[in-house]
Amino acid sequence: MTPSLPASARHRLRRLIAVPALVAALLTVSIAVPATAATTAETTAAQATTAQTTAAPAATAAASTGRTAAAPAATDEAPSMTFAVAPAAGGVVTAGQPLTVSVSARNATGATVPPEAVRLSTSTRPLTTRAEVRAWFDDSAADASRTELAVADGEIPAVVALGVAGATLSIDPAALATLAPGVYPLRADYGDDQTPVSARSVLVVPGDAGTGALGVIAPITAPPIGDGLLTASELETLTAPDGSLRAQLDAVAGTPAILAVDPAVVAAIRVLGTSAPATATQWLADLLALPNSRFALQFGDADLATQLAAGLGAPLTVASLTPYLDASDFSGITPSPTPSASAGTGTDQAPAGAPAPTASTAPGGVVLPTLAQLTDIGRSPASVFWPATGSAGADTVAALGALAVDGTSPITLVDSGVLASAGTDASPTPAWATAGDARVLTYDADASRALTAAAASDVPITRAGALAEASAFAALAVAADPASPVLVAVDRPGEPSAAGARAAVLAGAHLAGRTATDLSSLTAGVPAAVSLTEVPADADRVEALRSLLAGEDELADFATILADPTVITARERASILQLLGNGWRAVPTQASAALAAHRTQTQKTLDAVAVVPPSEITLAATSAPLTFSVRNDLPWPVSLRLIATPNDPRLIVQNTTTVDAGPAQSTRVQVPVQARVGSGESTLALQLRSPSMVAIGETVPVHVTVRAEWESVGLVVMSTLVLAMIVIGVMRTVRKLRRRKRETDA
């Protein structure tokens, strides 16, 4: 029998037994943090309304650059707590309605943080300038002199180790009823009074929306590539329900956004004809069905500022996409759509007065689409250039503005950061303006940056904070000039979020209480006169373009060996424009790798046709043909001229020999040669040239040893042998006849 224990001992034993179970439960709670919360925690630090501090009692808050306030942990490692705040509805206060505010805390430590109070506060004095709003988000604005107004209190529950917890607070409309229209700071304090953690955002009390228009520009572009066109598999991925192109198109569907479409994307789908993926053809049909106003970007969304800085008089264009077409993909179908009157506007439009391209006919009577049909993006009422944000200054705008099409000056989109008055807050930012003789549309750089950040975020609280920031800058723009239009852009996406892109476009279309309109409405009024600053060119990108153009010139010369040089030159031009794509600006390391890969491929093409270096040749006659081999690694037949040049007059060589080399094979070529001496050493220089006498490859030297006397010696020997055989034959015949006669006589 087991002896009984005293009650106190039994109690202690039960507590010891419960310890493992408690530890397991805590581990389970830590591991089972909701996925959405974990995602929130991972990206909260990147948002504009985030503040980071340590929750350790000995730590104190310290300001840092950027839009975050951080205090490192005692070990100088990453902050142990991250705290964020963001209002709903873009931070816009609706009279008589409560405003919902979300707060979130992430615990990066290995211990549970107990429940802590959260206090929301604002100020009775608004932020009246852009500089003040930027300083508030940068955590550099001193607010001790402000009269603070507590607007809500709440509590974030306990945050387990490596976990996330949040709360939703509601601001009573009465607490904000006394605030005049304007942008107000919003601060959330988390924790006790000794070691609080703070996060910042803004509230917008709306005022008069004014009479000006509102426009929001949304790009439709693919991720950067190094080849001329997207492949079928890439298109299938990008246009799938979870693909980047599908997300961009769904984001603008049903909105008044102005679309900036890369014609290379629609061309990549159309060149595939009947072999295009079903998701891609549906995506294209959906794009063309949208009623939105739009304009064409340059092919591949190529970097306009870099091209002009490299000394080009006008942006590069694609002359043909025929090499990408396969006649079997267009059998029995009629190319469509019929290009609109302004199709191909922007940088890929044919020069004024040039004849319209006609459809080509492939063998078998198959009609292939023209370049205009391949790149048509639908209704495009104006010729518009959109350089990358921050890349175009006064010189670039002036050069682009001078490129009139049919007597009409194009419009150049620039961000407000290049305006001479951008840093002064002394004057409003006019959306529709002229800079000298150039027409420009200026989009609000601050609001656009916030919208772009929202479009890239999958995290609701990060997205909400960015949208509140966009609302603040839009409200300041309208307050500065209620009659002036406001333009914002959801800039080129890096990795767009489907939910984020949709939310950003929807919010952009209703900023400052206005409703977005189309491109023609934005440009309907009298433009204001503005001055632009100079923007230095990116020297690395300019040098890269010059290198690409030098390689293109080499390939153009090389392609003269082909019956149709465009099978090389057209692909090369398309690839150059893709390598100039603005999407590469965000990933310079990958851009360098793509350029290096392109240079390697260019050299491989140039080396694809050459004379195979022969071994030393001995010429044992006064005249004989020498045989050489010409290698052609291209998938097309080539026409060449083999030029053979001796280094001394002792050899007489046929100077030019025509060579027709088949695709992907080596061709034998015979060159007649005569020797003027009996013996000696000589060298032949072999050089391939195109029919237009462009040098192809390097000169190949061939060492020739002449032994012409061997021919005379050989003839004497052979003659002697033949004569000897005849004499022997005659003697044998005579002897045989005599023997037969004796036998007959006997």
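Side chains are part of it too, since the values below use all heavy atoms of this structure and drop only hydrogens, waters and symmetry mates.
- With sequence neighbours excluded, no residue forms a side chain to side chain donor-acceptor pair (under 3.5 Å) with T656.
- The shortest heavy-atom contact between P613 and V700 is CA-CG1, 4.1 Å.
- Scored by the side chain to side chain contact (heavy atoms under 4.5 Å, CB included) test, A232 finds L272, P277 as partners (sequence neighbours excluded).
- Counting heavy atoms from C-beta on, the side chains of T322 and T566 never come closer than 4.5 Å.
- A side-chain donor-acceptor contact under 3.5 Å links R270 to the backbone of L374.
- Annotation: cation-pi pair R492/W386 present, NZ/CZ under 6.0 Å from the ring centroid and within 45° of its normal.
- L290 has its side chain within reach of L249: a pair of non-hydrogen atoms, C-beta onward, lies under 4.5 Å apart.
- Under the side-chain hydrogen bond (donor to acceptor under 3.5 Å, both in side chains) test applied with H598, the options Q578, Q603, E572 reduce to a single match, E572.
- In the model, E616 has a side-chain atom that pairs as donor or acceptor with a side-chain atom of T705 under 3.5 Å.
- Side-chain contact between F558 and V609: present, with at least one pair of heavy atoms (C-beta onward) separated by less than 4.5 Å.
- Side-chain contact, Q248 with S244: a donor N or O sits under 3.5 Å from an acceptor N or O.
- With a 4.5 Å cut-off on side-chain heavy atoms, L642 and L686 count as touching.
- Within a 6.0 Å sphere centred on CD of E698, heavy atoms belonging to other residues, nucleotides or ligands number 12 at most.
- Looking only at distances, a side-chain donor or acceptor of N632 sits under 3.5 Å from a matching main-chain atom of G662.
- The shortest heavy-atom contact between S639 and D660 is OG-OD1, 3.4 Å.
- Remark: L579 CG to R541 CZ distance equals 9.5 Å, nearest 0.5 Å.
- Within the model, atoms CG of D301 and CG of N582 stand 4.5 Å from one another, a figure rounded to the nearest 0.5 Å.
- Proximity of a side-chain donor or acceptor of R668 to a complementary backbone N or O of T627 within less than 3.5 Å is not detected.
- In this structure, the side chain of S391 does not engage the main chain of P387 through any donor-acceptor pair within 3.5 Å.
- Proximity of a side-chain donor or acceptor of R631 to a complementary backbone N or O of D607 within less than 3.5 Å is detected.
- Residues meeting the salt bridge (Lys or Arg N to Asp or Glu O under 4.0 Å) test with R641, sequence neighbours left out: none.
- Taking the side chain as every heavy atom from C-beta outward, P369 and L325 approach each other to under 4.5 Å.
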Output, in order, the C-alpha distance, side-chain angles, deciding distance and verdict of side chain to side chain contact (heavy atoms under 4.5 Å, CB included) for V702 and F628. CA-CA 10 Å; V702 181; F628 304 104; 4.0 Å; yes
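- Looking at heavy atoms from C-beta onward, V535 lies out of side-chain contact with T396 at the 4.5 angstrom threshold.
- If you run side chain to side chain contact (heavy atoms under 4.5 Å, CB included) between W283 and each of T279, T281, L287, only L287 comes through.
- Inter-residue side-chain proximity for I643 and N655 is flagged as met; some heavy-atom pair is nearer than 4.5 Å.
- Looking at V727 and M731, their side chains come closer than 4.5 Å, going by heavy atoms from C-beta outward.
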Donor-acceptor contacts under 3.5 Å from residues 306-313 side chains, at least two apart:
| residue | atom | partner | partner atom | Å |
| --- | --- | --- | --- | --- |
| T306 | OG1 | D303 | OD2 | 2.7 |
| Q307 | OE1 | Q298 | NE2 | 3.3 |
| Q307 | OE1 | L316 | N | 2.7 |
| Q307 | NE2 | Q298 | OE1 | 2.7 |
| Q307 | NE2 | D303 | O | 3.1 |

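- To the nearest 0.5 angstrom, T733 atom OG1 is 11.0 Å from R735 atom CZ.
- Other residues, nucleotides and ligands contribute over 12 non-hydrogen atoms within 6.0 Å of the CE atom of M693.
- Contact between P315 and L400 at its shortest, heavy atoms only, is CG-CD2, 4.1 Å.
- Scanning all heavy atoms of the two residues, the minimum distance from L245 to V265 falls at CD1-CG1, 3.8 Å.
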Would you sort out whether L229 and F299 count as a side chain to side chain contact (heavy atoms under 4.5 Å, CB included), showing the intermediate values? CA-CA 10 Å; L229 289 176; F299 191 93; 3.6 Å; yes
Could you walk me through whether V638 and I696 pass the side chain to side chain contact (heavy atoms under 4.5 Å, CB included) test, one step at a time? CA-CA 11 Å; V638 298; I696 305 299; over 6 Å; no
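- To the nearest 0.5 Å, atoms CG (L562) and CD1 (I568) are separated by 4.5 Å.
- For the atom pair OG1 (T699) and CD (Q687), the distance works out to 4.0 Å, reported to the nearest 0.5 Å.
- For T560, the side chain to side chain donor-acceptor pair (under 3.5 Å) criterion is met by S690, not counting sequence neighbours.
- Using modelled atom types, no side-chain atom of S331 and backbone atom of S328 make a donor-acceptor pair closer than 3.5 Å.
- Between D286 and R246, at least one side-chain N (NZ, or NE/NH1/NH2) sits under 4.0 Å from a carboxylate O, which counts as a salt bridge.
- When all heavy atoms of S682 and N647 are compared, the pair lying nearest together is OG-OD1, 3.1 Å.
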Given the rule in the side chain to side chain contact (heavy atoms under 4.5 Å, CB included) test, do E552 and L548 qualify, once you have shown the distances and angles that lead to the verdict? CA-CA 6 Å; E552 183 184 37; L548 289 171; over 6 Å; no
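- For T645, the side chain to side chain donor-acceptor pair (under 3.5 Å) test picks out no residue, with sequence neighbours left out.
- In terms of modelled atom types and a separation under 3.5 Å, the side chain of R571 and the main chain of P323 share a donor-acceptor contact.
- Pairing each heavy atom of G226 with each of S575, the nearest pair is O-CB, 3.7 Å.
- The distance from the CD1 atom of I377 to the CD1 atom of I220 is 10.0 Å, given to the nearest 0.5 Å.
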